[in-house]
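Some notes on the structure that comes next.
Chain naming here is simple, since letters A, B, ... match the order of the sequence lines and numbering starts at 1 in each.
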There are 2 protein chains.
Amino acid sequence: MTLQSCVSDECTAMQGRGGDLSKTTRPSVGPAFASAQEVARRAGVSRSAVSRAFTPGASIAPDTRAKVEAAAAELGYHVNHLARGLMRQQTGIVCLVVADIQTPYLSRLLENLSRRLQEAGKVVMVLNAGRASGNVEGALRQTLNYRADATVVLSGTPYRSIAQSCLDSGQRLVLLNRNDHLPGTVNLSVDNARAARTAATLFLHAGYRRLALVTSGVGTPSLTARRNCFLATAGEAGVEVHVWEGGATAYESGLQAGTALFSSAEPPDAVFAVTDLLACGVMDAARHRFRRRVPDDVGVIGFDDIEQAGWASYDLTTFGQPVAEIADWTVRVVAGGTVEEPADRVFEAPLVWRSSVARSL
Amino acid sequence: MTLQSCVSDECTAMQGRGGDLSKTTRPSVGPAFASAQEVARRAGVSRSAVSRAFTPGASIAPDTRAKVEAAAAELGYHVNHLARGLMRQQTGIVCLVVADIQTPYLSRLLENLSRRLQEAGKVVMVLNAGRASGNVEGALRQTLNYRADATVVLSGTPYRSIAQSCLDSGQRLVLLNRNDHLPGTVNLSVDNARAARTAATLFLHAGYRRLALVTSGVGTPSLTARRNCFLATAGEAGVEVHVWEGGATAYESGLQAGTALFSSAEPPDAVFAVTDLLACGVMDAARHRFRRRVPDDVGVIGFDDIEQAGWASYDLTTFGQPVAEIADWTVRVVAGGTVEEPADRVFEAPLVWRSSVARSL
DNA sequence: CTGAAAGCGCTTACAG
DNA sequence: CTGAAAGCGCTTACAG
């Protein structure tokens with residue numbers, strides 16, 4: 001026992017089994033799975049009958065089915081979907097290609113997508129396309145190897161060549177928040193332009209005049225659109241915007257941005273952070289390092305409506321990601337029958353009013 | 001165009017393609033995949049040669065391999081891992097069964113696990129076992145259907161019967177933070193007892209005397225262990241602990257807990273929240289609703305070391321989840337050859353010192 | 001409604 | 001090093 005023990009019985013009882021030897025003596029091959037053949041034999045029917053018993057809508061007599069089910073239960077039989085996929089030419093597998101899974105927005109998207117896809121009878125394979133773990137290209141190759149029916153790219157850009165392979169082999173390919181519009185793919189995105197315009201307008205109406213924009217050094221289409229439209233809208237009103245750009249799309253960058261911004265000669269009185277994570281960093285810099293009050297000394301708007309945006313320490317005004325809608329539409333494209341109409345979509349990102357922007361100064 | 005347009009060229013250029021019709025006219029079956037047969041024909045070799053070209057270590061002449069590779073590239077051939085799995089009796093699939101993916105701790109664990117598993121040549125299937133999306137039982141059934149080589153249960157308890165099926169069919173089953181120790185499974189957990197004891201000791205040494213414990217209504221083994229050991233340790237020191245218990249393991253519950261605790265007749269001067277999410281809620285209640293200062297008026301300790309614990313608004317003292325170690329060990333069990341020794345493990349959760357506990361009052 | 005048979009795309013002894 | 005052949009576990013026309 002590596003742990004010092006705790007006097008309370010219950011306390012020690014909860015832990016400390018670590019050293020126990022539950023010997024995992026397993027034959028290298030392992031007990032075989034039961035096959036349809038064996039079930040057939042046991043049930044006294046043909047192999048085909050077993051297949052029919054597990055195929056919804058197949059024509060089979062009620063008592064034949066009953067016999068099969070009984071035998072299957074006794075043997076612990078489970079249809080082998082790999083073999084089934086081989087015959088049916090569709091595997092039921094949907095691949096989700098994603099980097100930065102641990103990020104609030106993406107993990108929420110992943111949760112919604114996997115849940116809805118499962119409910120629709122699909123099974124999801126997650127391909128982590130993070131820096132270290134290979135790239136989107138490698139991920140798409142796996143998608144091909146496992147004959148996924150469809151693949152959804154949540155972040156990152158697939159190389160054209162390999163994406164084309166997916167398409168060529170009959171896969172459905174849905175791309176989120178990209179703007180390359182590769183022919184044959186379904187492109188889903190969010191109305192970043194409108195949101196950014198709204199953000200600028202909100203600041204201006206409230207009376208803020210020294211605007212700043214904080215974005216990361218990662219130029220994804222979404223981030224770029226938010227940035228550019230915010231600048232354009234402010235520009236139309238004759239207001240210049242101080243742009244801070246750099247680092248990863250993360251809290252730390254926001255903290256840096258805020259620190260730089262508020263220690264500059266002309267500190268801003270309002271900042272649009274292209275992401276909530278950045279916004280939280282900016283707010284923390286403003287408050288904890290410069291004693292600025294939000295929203296009186298400085299207004300802040302973010303994007304994504306991550307859980308933390310609603311926490312009392314931030315209470316951030318932001319734009320919600322229409323995650324549920326994106327998931328629904330993806331399921332429709334991926335699991336629905338033949339979607340022949342143009343399936344591209346742009347979803348609205350609704351403004352979520354909280355207290356980080358003054359109604360008017 | 002549903003969007004009002006933005007004057008800047010670049011701005012409108014970024015968006016607004018939503019209405020475009022990139023007609024997805026796709027034959028319902030889709031262009032077929034190239035098969036090894038076709039590659040063989042094109043390369044002028046046998047079907048077996050093609051197999052060998054894609055099997056590391058198989059005996060094949062360099063130029064035969066070259067011919068095969070060329071033909072494969074031209075045809076866009078990708079080995080069908082489903083068929084391969086059928087023959088090899090192992091699919092390379094590892095299932096991760098998990099509820100609450102969008103939670104900071106679990107999404108981080110998921111990220112680590114999927115990344116490391118991929119690096120080890122496995123492919124991961126995620127089974128969302130959340131409330132709505134079916135349960136752990138359904139998930140494990142999928143695991144069986146797709147003949148996963150192993151399955152890792154990150155949260156929730158599998159029914160014994162179905163877990164047994166996994167074992168019976170030769171799967172490796174690793175359970176995280178459970179204490180049922182089903183024979184044949186590998187159990188990985190964290191030293192909750194020690195951490196909870198440390199938390200109590202820290203408070204006592206700093207001079208806090210009116211202790212409280214906040215936990216959710218979800219009695220997982222980890223949470224229960226933390227709770228009980230904290231109580232036991234305080235008890236040994238002759239200090240009573242006010243326990244608040246209820247709701248989900250989430251920020252909201254922490255907020256409620258804090259509100260209840262600080263409006264009670266004898267408000268605590270230190271609270272151990274069994275999870276960082278709860279701790280953040282407690283801190284926000286203390287500060288924003290009761291103007292308590294942390295750590296002077298009240299000390300707070302959490303568990304998990306989620307990203308937010310390190311944010312300036314919280315700067316929470318907590319215990320780190322040894323996520324990387326857990327992932328490493330899992331890979332070893334799952335992807336490593338034959339792990340015949342007892343593979344159960346209890347990992348330390350190191351104390352992460354930040355500023356939410358006074359050194360001494 | 002049912003069974004015998006062909007076939008999905010692969011791998012792996014088995015001879016050569 | 002190489003090819004012909006058997007077989008992994010399933011589904012699906014095809015006759016009956």
Side-chain angles (χ1 to χ4, degrees), chain A residues 29-69 71-72 75-93 144-149 169-170, chain B residues 29-69 71-72 75-93 144-149 169-170:
Chain A
V29 178
F33 274 85
S35 74
Q37 188 62 271
E38 302 173 50
V39 175
R41 191 155 30 231
R42 183 166 199 121
V45 299
S46 75
R47 182 199 194 83
S48 327
V50 177
S51 244
R52 293 196 187 95
F54 291 101
T55 303
S59 76
I60 185 173
D63 55 315
T64 306
R65 149 168 284 136
K67 275 188 289 185
V68 172
E69 277 169 357
L75 260 31
Y77 172 73
H78 294 264
V79 176
N80 185 331
H81 279 40
L82 269 39
R84 171 178 278 185
L86 219 49
M87 286 305 301
R88 292 238 245 250
Q89 298 286 52
Q90 52 154 298
T91 56
I93 297 175
L144 255 15
N145 283 135
Y146 283 90
R147 300 301 193 257
D149 296 338
S169 52
Chain B
V29 179
F33 275 85
S35 74
Q37 188 62 270
E38 303 174 50
V39 175
R41 191 154 31 230
R42 182 165 200 122
V45 300
S46 75
R47 183 201 191 83
S48 326
V50 177
S51 244
R52 291 194 189 98
F54 292 101
T55 303
S59 77
I60 184 173
D63 55 315
T64 307
R65 149 169 284 136
K67 275 188 288 183
V68 171
E69 276 168 357
L75 261 30
Y77 171 72
H78 294 265
V79 177
N80 185 330
H81 279 43
L82 269 39
R84 172 178 277 185
L86 218 50
M87 285 304 302
R88 294 237 245 249
Q89 299 287 51
Q90 51 154 301
T91 56
I93 297 174
L144 256 13
N145 283 136
Y146 283 89
R147 301 300 193 258
D149 296 338
S169 51

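- Here the side chain of Thr91(B) pairs a donor or acceptor atom with the backbone of Arg147(B) at under 3.5 angstrom.
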Quiz item: When you check every protein heavy atom under 4.0 Å of nucleotides 5-12 of chain D, what one-letter string (B, S, -) results, 5' to 3'?
Solution: B-BBBBBB
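- Among pairs with a residue in residues 34-63 of chain B, those fulfilling salt bridge (Lys or Arg N to Asp or Glu O under 4.0 Å) read Arg42(B)-Glu74(B), at least two apart in sequence or across chains.
- Using C1' as the reference atom, dT12(C) and dG16(C) are 16 Å apart when rounded to the nearest Å.
- Shown here for Leu75(A) and Ala34(A), the closest heavy-atom pair between the two residues is O-CB, 3.7 Å.
- Across Tyr77(B) and Ala36(B), no two heavy atoms sit closer than the pair CE1-N, 3.4 Å.
- If you take OG1 on Thr55(B) and CZ on Arg84(B), they are separated by 5.0 Å, rounding to the nearest 0.5 Å.
- Summarising the geometry of Thr64(A) relative to Ala49(A), their closest heavy-atom pair is CG2-CB, 4.2 Å, with the distance given to 0.1 Å.
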Self-check item: CA sep, side-chain torsions, deciding dist, call: Asn80(B), Leu86(A), side chain to side chain contact (heavy atoms under 4.5 Å, CB included)
Solution: CA-CA 9 Å; Asn80(B) 185 330; Leu86(A) 219 49; 3.6 Å; yes
Self-check item: Secondary structure of DNA chain C in dot-bracket form (Watson-Crick or G-U wobble, distances below 3.5 Å, | marking inter-strand pairs)
Solution: |||.||||||||.|||
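- Here the side chain of Thr64(B) is nearest to one of dG3(C), dT2(C), dT2(D), namely dT2(D).
- Contact detail for Tyr146(A) and Ile93(A): the closest heavy-atom pair is O-CD1, 3.9 Å.
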